[in-house]
Visitor: 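For reference, the structure I am asking about is given below.
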Amino acid sequence: MLYYVPIETMEQRYTKMMNDVISPLVDFVIYPEFEYPQVIEKWQFLDINKTSIFKAKQLEMIAKLFYEWKVKDWDKFLIADIFFPWIESIKYMAELQDIRVKIYWYNHAWRADINDFVQKLWIWADYSEKAYHLACDFIFVWSEYHRKLISKYFWIDKSKIFVCWPAWDIDYVSKILDNNDIQKEDFIIMPQRLSKEKWIEKFFEFAKKCDKKIVITSSWNKTDIELPANVEYVYWLTKREYYEYMKKARRYISFAYQETFWYTLQEAIYYKCNILVPDRVCYPEMVPEENIYKSYDSILWMLEKDLVIPMSYTEQRDKNYVKMIDFINNH
């Protein structure tokens, strides 16, 4: 039996795609009844309070399965979020009931990444995350950069870390909005949060020198940050609304210092944007060398080049979640 413990589904975020494509491939989905907001009302990625309520309800479901002895030897749990403290509870119940289970865990990013916003957590978080890594049988990460990051920081056995890429599905994207009849407009899209790890300060420096319109697309909420005159900030977008911007944008840019795999980069390839990203984090794995800028002084002239990336760069990661499930079934 393979139990899937998902992140709460949000159409705006990649969690809906992730849950929609993985859920049919497992035996049981641990998804409680809970009215979760469909826009990000506060915080950055998910509402930290409401996601904690959601996870508590997931633990209740899991605990009932153990209480009723429905969990059997060699059953497996696929946990979709590193921020799931009940890994400890699963091990606690399984080991004290002498049930041998396996745990597979998606590590998105955490304290191993010095640029991640959770660095503000105190040192206790290091011990918690290391315990989670040790408690799991295998850890799924999204890039080689990501694998090296956590194996170096936590000294985790590299044989436990499997680079599977995230649950990317081109068919899912095309059903929302296909890439036929693309009519490009002369603006740059930057689909990122206005946050430190995305190096928004450097973006503002660039925007003031750039004479092109720049659109920041966000599933997040409105901002009080004063923006340069050529920057438009659109927020609380539905997935289709966001894709409509991506489909029209001629250029796509990033300044991020924190990224382990980027859905928006795959989307930009799909919608045939000219793509320009920095020479750091996971980007060298994701794009050809000509799409990487080495210095900030080169950005403006590089934006005038033809930097559309062949679809093969995203097709090679299409339906990778099937490989992940196959890995679980065979390990």
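Remember, it's a predicted structure, so these values are computed and weren't measured experimentally.
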Visitor: With heavy-atom distances below 4.5 Å as the criterion, would you say the side chains of L303 and N274 are in contact?
Guide: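 Side chain of L303 against side chain of N274, heavy atoms only: no contact under 4.5 Å found.
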
Visitor: Could you tell me the separation between the OH atom of Y31 and the CE atom of M61, rounded to the nearest 0.5 Å?
Guide: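 Result: 11.0 Å between the selected atoms.
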
Visitor: Is any side-chain heavy atom of V173 less than 4.5 Å from a side-chain heavy atom of M17?
Guide: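 A side-chain contact under 4.5 Å exists here.
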
Visitor: Between CG of L300 and NZ of K212, what distance do you get to the nearest 0.5 Å?
Guide: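 Answer for the CG-NZ pair, L300 versus K212, is 9.0 Å.
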
Visitor: Please tabulate, for the side chains in residues 68-79, all donor-acceptor contacts under 3.5 angstrom to protein atoms that are two or more places apart in sequence or on a different chain.
Guide:
| from | atom 1 | to | atom 2 | distance (Å) |
| --- | --- | --- | --- | --- |
| E68 | OE1 | K70 | NZ | 3.1 |
| K72 | NZ | W69 | O | 2.8 |
| D73 | OD1 | R100 | N | 2.9 |
| D73 | OD2 | R100 | NH2 | 2.8 |
| D75 | OD1 | M1 | N | 3.3 |
| D75 | OD2 | K72 | N | 2.7 |
| K76 | NZ | I328 | O | 2.4 |

Visitor: Would you say K323 has more than 12 foreign heavy atoms packed within less than 6.0 Å of its NZ?
Guide: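 12 or below, so no.
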
Visitor: Take a 6.0 Å sphere around CD of E88 and say whether it holds more than 12 heavy atoms from other residues, nucleotides or ligands.
Guide: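 Not more than 12 within 6.0 Å, no.
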
Visitor: Specify whether F261 and Y263 have parallel, tilted or perpendicular ring planes, treating 30° as the upper limit for parallel and 60° as the lower limit for perpendicular.
Guide: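 Ring orientation, 0 to 90° scale: perpendicular.
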
Visitor: Identify each donor-acceptor pair in which a side-chain atom of residues 181-188 lies under 3.5 Å from a protein atom, sequence neighbours left out, and give them as a table.
Guide:
| from | atom 1 | to | atom 2 | distance (Å) |
| --- | --- | --- | --- | --- |
| K184 | NZ | M246 | O | 3.3 |
| K184 | NZ | K247 | O | 3.1 |
| K184 | NZ | A249 | O | 2.7 |
| K184 | NZ | Y271 | O | 2.7 |
| D186 | OD1 | R251 | NH1 | 2.4 |

Visitor: Charged N to carboxylate O under 4.0 angstrom, E244 versus R240?
Guide: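 Answer for the salt bridge query: yes.
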
Visitor: Taking only residues two or more places apart in sequence or in another chain, which ones pass salt bridge (Lys or Arg N to Asp or Glu O under 4.0 Å) with K294?
Guide: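 By the salt bridge (Lys or Arg N to Asp or Glu O under 4.0 Å) rule, K294 matches D279.
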
Visitor: Within the structure provided, determine whether I299 and F255 are in side-chain contact (heavy-atom separation under 4.5 Å).
Guide: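 Yes - at least one pair of side-chain heavy atoms lies under 4.5 Å apart.
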
Visitor: How about NZ on K248, more than 12 heavy atoms from neighbouring residues, nucleotides or ligands closer than 6.0 Å, or not?
Guide: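 No, not enclosed.
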
Visitor: When the aromatic ring centroids of W168 and Y14 are compared, is their separation below 6.0 Å?
Guide: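 Aromatic pair excluded; centres sit 6.0 Å or further apart.
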
Visitor: Any side-chain heavy atom of Y106 sitting closer than 4.5 Å to one from M324?
Guide: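 Yes, close enough: below the 4.5 Å cut-off.
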
Visitor: To the nearest 0.5 angstrom, please state how far the CG atom of N320 sits from the CG atom of D326.
Guide: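 Going from CG on N320 over to CG on D326, the span is 11.5 Å.
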
Visitor: In Å and rounded to the nearest 0.5 Å, what is the NZ to NZ distance from K16 to K239?
Guide: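 Going from NZ on K16 over to NZ on K239, the span is 10.0 Å.
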
Visitor: Centre-to-centre under 6.0 Å for Y296 and F203, is that the case here?
Guide: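 When the ring centroids of Y296 and F203 are compared, they turn out to be at least 6.0 Å apart.
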
Visitor: Between N179 and Y270 (side chain of the first, backbone of the second, donor and acceptor by atom type, cut-off under 3.5 Å), is there such a pair?
Guide: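 Checking the backbone N and O of Y270 against the side chain of N179, a donor-acceptor pair under 3.5 Å is found.
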
Visitor: Are P6 and T15 close enough that some pair of their side-chain heavy atoms sits under 4.5 Å apart?
Guide: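 They are not in contact (no side-chain heavy atoms under 4.5 Å apart), so the answer is no.
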
Visitor: So do L265 and Y252 actually touch side chain to side chain, heavy atoms under 4.5 Å?
Guide: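 Sidechains of L265 and Y252: in contact.
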
Visitor: Measure the CZ-CZ distance between R147 and F140 for me, rounded to the nearest 0.5 Å.
Guide: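 With rounding to 0.5 Å, CZ (R147) is 14.5 Å from CZ (F140).
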
Visitor: CZ of F327: more than 12 outside heavy atoms within 6.0 angstrom?
Guide: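 Yes - once you tally the heavy atoms of other residues, nucleotides and ligands closer than 6.0 Å, there are more than 12.
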
Visitor: For Q316, is the CD atom crowded, meaning more than 12 foreign heavy atoms sit under 6.0 Å from it?
Guide: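 Enclosed: over 12 neighbouring heavy atoms sit under 6.0 Å from CD of Q316.
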
Visitor: For Y242 and T264, which I'm curious about, is there any donor-acceptor pair between the side chains at under 3.5 Å?
Guide: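 Absent: no donor and acceptor within the cut-off.
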
Visitor: With a 4.5 Å limit on heavy-atom distance, are the side chains of W262 and S254 in contact?
Guide: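 A side-chain contact exists here, since the closest heavy-atom pair is under 4.5 Å.
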
Visitor: Is K57 salt-bridged to E8, cutoff N-O under 4.0 Å?
Guide: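 A salt bridge is absent here (no side-chain N lies under 4.0 Å from a carboxylate O).
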
